Amino acid sequence: MDTNKINKIYLQDIEKCYGDKRVLDNIDLSVSTGELCALVGPSGCGKSTLLRLILGQEPPTKGNIIIEGSPVSFPDHNRGIIFQKYSLFPHLSVLENVLLGKRLSSGRWWLPWPKNNEWLDEAMAYLEQVRLSDAINKFPYELSGGMQQRVAIAQALIMKPPVLLMDEPFGALDPDTREDLQLFLLDLWETEKLTIFFITHDLEEACFVGSRLLVLSQYYSDDRGESYNVNRGGKIVADYQLESVVSSTEIKQNTNFKDFISTVREEGFEPRVRQHVRDFNLHHPDSFQTLTAEENRVHN
Amino acid sequence: MKHPMFLGLHAKPPKLLKRLLMLLPFIILISMYLYASHLRLTDNPHDKLLPSISSMLQAINRVAFEEDRRTGEFLLWTDTLSSLTRLLYGVSFAFFTALIISLYMGLYRGIESLLSAFVIFISMVPPLAILPILFISLGVGEIAKIALIFIGTFPILTRDIFLAVKQIPQQQIVKSLTLGASSAAIIYRIILPQILPRAINSVRLVLGGGWLFLIAAEAIASTDGLGYRIFLVRRYLAMDIIIPYVLWITLLGFCFDFLLRKLNFLLFPWSEEKNQ
């Protein structure tokens, strides 16, 4: 199918159950080339499960997952991944961490570290891009959290994966570093024309970095009345193109952006899911933590 | 606010006091020995139970720097050499076997199911209780002694290293797979280097047990070795040899422990920092 080629990630009617518990329900999604697709949702809505399915750590109970035209079986070099923690290997220096993919995938992993200049140049180019070319001999424990995540980005990019998956990559960072890295990621995405699937629990972050916003939630009201059901799997309840909003890396300073966030928070993404956002806040006061902090800052 | 020097939760002993405190138990032990030895020797100058320092020095001189009349060897050194050879063989075999088995057990669920109960079972067998079986089946030569050290240390090493492998976050394995790694590459380039520091620490822990099994084996059937000598001269109540031998073994153990710790620090600087 041609659409599969254009679509980097193609999820077809995915359902995932653990025993009787349904975690994901009826997920249909296609992420096309060049999108920065941000998936947001409250804790426990199945974000991590969806990520595990896309990575191939677990098979879906029902449905197909197709990455770049080929079905997913196990984790492989077809998708890069950046986790919140443990993204780097503590026993390797920064340069070795970045070179690791080259070495492991070359099939000559048992040889000592190569003095291969092509690889070295490539790694240095990526390290320059993440602004770490002067820290190449340091070990991960010597780096700050933000630097570690930048190394992780270079480490994933050197494999030139068709899709870059990011699982709360900036979740453990302090707000300033976080903002810095969000801008950095947007810059990188624009210049490198990457396809990124970005998972976060922070609505503001999702709106900020995403070119497309997806909300995954187990709280939705498809029928009037009984809107909550314990055994209800997470569903994509909103799918929103943000390209018109996020067009440059200076958007965060823009007052329109703050307005946009508060509109989204107050009214939902579209009339169909307006109810959803209210329910969301009602039942998960912690879900949009950063947003509340931001709001407090404005009020004070 | 003044911190107390020695007692209490908030105590911060100054450097010099720390050194003194460290030495204090040793000084007390030695002076108690000297006093007791003096008491017994004034009572009976031929007493053998608590020999004086000078007679111990004479004994050391005899075993370390004079050829033995019967064999023409320097006893202390030949004993040390043969004991250390056995210990080295036993512990290294145990180390490498444990490393391989625990790597595969920790990474492959199938192998874990196959072996984990068995390894726990083996680790419960008291090694000294099967010493007779070893001597009967393997003979009284070197192999039986090395086997005893192996059986005594290998299960503990395996269990400890296995736990270290299990502690490696699953994310790292997924990450390596997305970097194009084969399972062999993951084992030998990702997991192994990360558990080596912990594995060397495990060796430090089991070395004590290793000495125990070594001396037990030598005491029962041997013609040389530190344990053999101690149990040989026991018949003549030669405390002037036994005590220096025990101190020598302790010193050797202490040195190995120190060297392994230094080795860990030199080879894996990232590991020491990580643990802080």
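Within every chain, numbering begins at 1; the chains are lettered A, B, ... in the order of the sequence lines, protein sequences first and strands thereafter. Just so we're clear, the structure is a prediction, and the values are computed from it rather than from any experiment.
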Atom [atom1] of [X] with >12 non-hydrogen neighbours under 6.0 angstrom:
{"X": "B/K18", "atom1": "NZ", "answer": "no"}
{"X": "A/K160", "atom1": "NZ", "answer": "yes"}
{"X": "A/Y18", "atom1": "OH", "answer": "yes"}

Region of [X] in contact with chain B, defined by heavy-atom distances below 4.5 Å:
{"X": "A/L88", "result": "backbone"}
{"X": "A/Q155", "result": "both"}
{"X": "A/L55", "result": "side chain"}

Any donor-acceptor pair under 3.5 Å from B/K175 side chain to A/I81 backbone
yes
Donor-acceptor pair, distance only, cut-off 3.5 Å: does the side chain of B/R189 make one with the backbone of A/W109?
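Yes: the side chain of B/R189 pairs with the backbone of A/W109.
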Any side-chain heavy-atom pair of [X] and [Y] under 4.5 Å:
{"X": "B/V174", "Y": "A/F83", "result": "yes"}
{"X": "A/H91", "Y": "B/P269", "result": "no"}
{"X": "A/H77", "Y": "B/T178", "result": "no"}
{"X": "B/I190", "Y": "A/F89", "result": "yes"}
{"X": "B/Q170", "Y": "A/Q57", "result": "yes"}

Can you tell me how far apart CD (B/Q172) and NZ (A/K85) are? Round to the nearest 0.5 Å.
12.0 Å
Neighbourhood of chain B inside residues 93-105 of chain A, taking heavy atoms under 4.5 Å as contact
A/L100, A/G101, A/R103, A/L104, A/S105
Tell me every residue that passes side chain to side chain donor-acceptor pair (under 3.5 Å) with A/E192, counting only those two or more places apart in sequence or in another chain.
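A/Q129.
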